[in-house]
Amino acid sequence: MRETLGDSSFAAANVVAAGYFRSYSVVGLLALIGVLFVAVAFGAGRLLRPVVPTPEKLLTYECGVDPVGEGWAHTQVRYYVYAFLYVIFAVDSIFLFPWATVFAAPGYGATTLVEMFIFLGFLAVGLLYAYKKGVLAWT
């Protein structure tokens with residue numbers, strides 16, 4: 001009787017595992033179809049487009065202005081740092097809304113409050129680092 005019970009629980013586990021992996025196989029198949037669709041679209045575009053390079057077509061073009069000077073322009077790094085700081089605080093604000101809903105649920109108050117202080121501590125360390133490096137000073 002024990003062997004029969006063990007075999008049936010093993011068979012039930014196999015059925016559960018098969019259903020679990022079947023759901024992932026659907027996701028994998030959908031991803032494969034998506035990749036194939038993009039590959040076929042790019043391949044068809046490459047085969048069907050006309051290729052007639054001329055010197056005018058090979059010129060750098062931006063906003064209707066003829067290019068003057070060399071094609072490389074120097075960009076100051078501080079603009080990227082400002083964008084990076086914006087992304088950090090945008091992620092912070094996105095994280096605050098779900099946190100507020102969980103914090104309001106009964107039984108999660110202390111845990112979520114500690115987690116939020118840890119998260120805000122990481123952000124404060126990043127902001128302090130940016131301040132110490134002089135990134136936040138407008139020049």
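Predicted model only: the values in this text are computed from it and were never measured.
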Transitively linked via ILVMFWY side-chain contacts under 4.5 Å: Phe119 with Phe117? yes
Given the rule that I, L, V, M, F, W and Y join up when any side-chain heavy atoms are under 4.5 Å apart, are Met116 and Phe122 in one cluster?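 Different hydrophobic clusters.
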A side-chain contact here means heavy atoms from C-beta on lying under 4.5 Å apart; do Leu127 and Tyr131 qualify? no
Which ILVMFWY residues can you reach from Leu128 by hopping between side chains whose heavy atoms are under 4.5 Å apart? none
